[in-house]
Amino acid sequence: MKKVAIIMGSDSDLPVVQKAVDTLKSYGVPFEVHVYSAHRTPDEAAAFASSARENGFGVIIAAAGMAAHLAGALAARTTLPVIGIPVTAKYLDGMDALLATVQMPSGIPVATVAINGAANAALLAIQILAVSDASLAEALDNARKTASETVLAKNKAVEDQFNI
Ligand code: RP5
């Protein structure tokens, strides 16, 4: 199976990124985690992206806050799918990172998830790998079914409480 790369702009992003790590682990998807910054370590970030395909990666997840150029900078160096997680930093509630991550110029796409949406970033990465992996697709289907049953059980509890 191809690996997923999780790159974060700073180790201060780790509390958000942890949910992506946990999600990938729960599906048994191999991954690596690195701290590379588009601004502080641009050469290392570019080198990672440039060699990611030949190093066995299938998807790159990039998490960054503030002027969040990391996902775009990685996407500029690879045709692997890049998923951006805008991270909330000290000011602006993550709107700065959301806009910086999502507003990519035509030709260099970044699939941007919600602010701090690390679990969905991992799920999207798994869905991409599942295009060519039937057992992963089955695991995703089972998880959706379980989630559905949980919501329906909650619906029943609410209905029983309010509806005569
Ligand atoms: C971004 O700046 C990082 O991704 C992080 O979200 C933010 C703040 O970084 P630190 O100053 O905490 O290292 O590049």
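Each ligand, and each atom within it, is numbered from 1 in the order the structure gives.
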Near ligand 1 (heavy atom, under 4.0 angstrom), the protein residues are Gly9, Ser10, Ser12, Asp13, Arg40, Ala64, Gly65, Met66

Phe31 ring center within less than 6.0 Å of Phe57 ring center:
no

Is there a side-chain hydrogen bond (donor to acceptor under 3.5 Å, both in side chains) between Ser135 and Asp133? Walk through the geometry before answering.
CA-CA 6 Å; Ser135 65; Asp133 187 317; 2.9 Å; yes

Taking everything shown except Asp141 itself, do over 12 heavy atoms lie less than 6.0 Å from its CG?
yes

Glu138 atom CD, over 12 foreign heavy atoms within 6.0 Å:
no

Give a yes or no on whether the backbone of Ser10 and the side-chain of Asp13 come within a donor-acceptor separation of less than 3.5 Å.
yes

Main chain of Val59, side chain of Lys3: is a donor-acceptor contact present, judged purely on distance under 3.5 Å?
no

